[in-house]
Structures are given as structure tokens and as C-alpha cells.
Colleague: 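My structure is below; once you've seen it, I'll send some questions.
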Amino acid sequence: MKITNTPDRWVILKLRDNDYRVFGVWFGGYLDGDMWRLNSGIVKVEQDEDYYYFTGASGSCYKCNKKSYGITTRYGLSILNEILEKSKGEIKLLYRIEDYQI
């Protein structure tokens, strides 16, 4: 497994037809701002004591800290809310990781 993304905060979004995706946010630094990504669709999940490893349809792997579930920054929340609003109910936020069947 080749880890390609390690978001600082993350959540799972459910699209229609049981298509689940990782929405991740990375915190910016002094010279750059925060950023976000939505993976291509979860096709495989592995885990160890501290992390989930979500492999996407594109082959990317998101390494997500189990203690970092939930979006907490103003930037991340604004992007997430915009995605949810524009989907008109077709995209659902899983408020708890336990709501995703790993």
C-alpha cells in the first residue's frame, strides 16, 4: 500500500448507490493556506491501532488518524457545507466513523 495522502482532519461522505468517499482537510502554514480533497471512492479499508487506510478507486491511499475524525476549521467547514448544500441531499455526511461499515 502506497500512502499518497494524510489529511489533518477528515470525514466520510455517502453518495448515492453506497458510494463512500473521504473528504480530507490539510492545515496550511505560514506561506500557504488550508486545502481539501475528496477521494475517488473507497474500494478498500485497512486499519491498525491508530490509523485507517482508505484505498480509492484511483489507487490513492488516504492514511487517516482515528482521533482526527471531524472537520474543525472554518475553511474546512465552509467547503464541506457548500458541497452538502449543492448536492441537494444526495450527499450525506456520516457524523460518526462508526456509521461506516468498515
Side-chain angles (χ1 to χ4, degrees):
M1 149 184 26
K2 181 181 177 190
I3 297 166
T4 54
N5 295 289
T6 307
D8 294 307
R9 301 293 297 188
W10 61 282
V11 292
I12 301 288
L13 300 178
K14 180 182 179 188
L15 287 69
R16 58 193 166 305
D17 301 326
N18 290 325
D19 179 13
Y20 292 90
R21 299 188 181 215
V22 177
F23 174 82
V25 175
W26 287 258
F27 303 147
Y30 177 69
L31 297 175
D32 54 351
D34 292 357
M35 64 177 248
W36 66 275
R37 286 190 180 156
L38 186 64
N39 88 329
S40 56
I42 300 169
V43 296
K44 181 179 176 185
V45 181
E46 298 176 69
Q47 64 179 305
D48 60 26
E49 188 175 323
D50 298 317
Y51 293 92
Y52 293 111
Y53 302 89
F54 296 98
T55 301
S58 69
S60 66
C61 179
Y62 281 55
K63 177 183 176 184
C64 298
N65 189 305
K66 291 180 177 182
K67 294 180 181 176
S68 297
Y69 193 81
I71 304 300
T72 58
T73 64
R74 186 177 309 176
Y75 169 79
L77 288 170
S78 69
I79 298 297
L80 180 58
N81 285 333
E82 186 174 342
I83 290 170
L84 295 172
E85 286 175 16
K86 287 186 176 184
S87 80
K88 298 183 180 184
E90 291 197 24
I91 298 175
K92 307 281 187 214
L93 168 64
L94 300 186
Y95 288 96
R96 303 173 319 136
I97 186 61
E98 293 81 12
D99 295 333
Y100 178 71
Q101 302 299 318
I102 295 179

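Just so you know, these numbers use all the heavy atoms, side chains as well, and skip hydrogens, waters and symmetry mates. All values reported here derive from a predicted model rather than from experimental measurement.
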Colleague: Determine yes or no for a side-chain-to-main-chain donor-acceptor pair under 3.5 angstrom, with T55 supplying the side chain and C61 the backbone.
Modeller: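 Judged by distance alone, no pair lies under 3.5 Å.
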
Colleague: Identify all side-chain donor-acceptor contacts of residues 90-97 below 3.5 Å with residues at least two apart in sequence or on another chain.
Modeller:
residue : atom : partner : partner atom : Å
K92     : NZ   : G89     : O            : 2.9
R96     : NH2  : D99     : OD1          : 3.0

Colleague: Once salt bridge (Lys or Arg N to Asp or Glu O under 4.0 Å) is applied, do any residues pair with E82, and if so which ones, sequence neighbours excluded?
Modeller: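 Listed in chain order: K86.
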
Colleague: What I'd like to find out is whether the side chain of W36 reaches to under 4.5 Å of the side chain of I71, using heavy atoms alone.
Modeller: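 Of all side-chain heavy-atom pairs linking I71 with W36, none is under 4.5 Å.
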
Colleague: If you take all heavy atoms of P7 and G24, which pair is closest and at what distance?
Modeller: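 Distance-wise, the nearest heavy atoms are CB-CA, 3.8 Å.
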
Colleague: So which heavy atom on S58 is nearest to which on S40, and how close?
Modeller: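 That would be N-OG, 2.9 Å.
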
Colleague: Does D8 use its side chain to pair, donor to acceptor, with the backbone of F27 at less than 3.5 Å?
Modeller: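 Judged by distance alone, yes, a pair lies under 3.5 Å.
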
Colleague: Apply side chain to side chain donor-acceptor pair (under 3.5 Å) to N65 and list each qualifying residue two or more places apart in sequence or on a separate chain.
Modeller: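 Counting only residues at least two positions away or on another chain, N65 forms no side chain to side chain donor-acceptor pair (under 3.5 Å).
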
Colleague: Hey, what do you get for OH (Y75) to CE (M35), rounding to the nearest 0.5 Å?
Modeller: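 Going from OH on Y75 over to CE on M35, the span is 8.0 Å.
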
Colleague: Please report the shortest heavy-atom distance between G70 and R9, naming the atom on each side.
Modeller: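 Closest heavy-atom pair between G70 and R9: O-NE, 2.7 Å.
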
Colleague: Holding to side chain to side chain donor-acceptor pair (under 3.5 Å), I want the full list of residues that pass it with S78, two or more places apart in sequence or in another chain.
Modeller: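 Side chain to side chain donor-acceptor pair (under 3.5 Å) check on S78 returns nothing, list empty.
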
Colleague: Taking all heavy atoms of G56 and all of V43, pick out the closest pair and write down the distance.
Modeller: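 In terms of heavy atoms, the two residues are closest at O-CG2, 3.6 Å.
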
Colleague: Can you tell me how far the CD1 atom of I42 sits from the CZ atom of F54, to the nearest 0.5 Å?
Modeller: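 I42 atom CD1 to F54 atom CZ measures 5.0 Å (nearest 0.5 Å).
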
Colleague: Can you check whether V22 reaches L38 side chain to side chain, under 4.5 Å on heavy atoms?
Modeller: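 Result no, sub-4.5 Å side-chain heavy-atom pair not found.
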
Colleague: Report the distance from atom CG of L13 to atom OH of Y20, rounding to the nearest 0.5 Å.
Modeller: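 These two atoms lie 11.0 Å from each other.
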
Colleague: Report the C-alpha distance between W10 and Y69 in whole Å, list the side-chain angles of each, state the deciding distance to 0.1 Å, and finish with yes or no for ring-ring contact (aromatic ring centres under 6.0 Å, His included).
Modeller: CA-CA 5 Å; W10 61 282; Y69 193 81; 4.7 Å; yes

Colleague: Atom OH in Y52, atom OG in S68: separation rounded to 0.5 Å?
Modeller: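 Answer for the OH-OG pair, Y52 versus S68, is 12.0 Å.
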
Colleague: With sequence neighbours left out, write down each residue that passes side chain to side chain donor-acceptor pair (under 3.5 Å) with N5, or none if nothing qualifies.
Modeller: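 Only R37 meet the side chain to side chain donor-acceptor pair (under 3.5 Å) criterion with N5.
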
Colleague: If the condition is side chain to side chain donor-acceptor pair (under 3.5 Å), which residues does D48 pass it with, not counting sequence neighbours?
Modeller: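 For D48 the side chain to side chain donor-acceptor pair (under 3.5 Å) partners, ignoring immediate neighbours, are Y53.
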
Colleague: Can you measure from OH (Y62) to CD1 (I3) and round to the nearest 0.5 angstrom?
Modeller: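 Nearest 0.5 Å value for the OH-CD1 distance: 13.0 Å.
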
Colleague: Taking all heavy atoms of F23 and all of I83, pick out the closest pair and write down the distance.
Modeller: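 Closest heavy-atom pair between F23 and I83: CE1-CD1, 3.8 Å.
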
Colleague: Just wondering, are more than 12 heavy atoms of other shown residues or ligands nearer than 6.0 Å to NZ in K66?
Modeller: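 More than 12 heavy atoms, drawn from other residues, nucleotides or ligands, come within 6.0 Å of this atom.
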
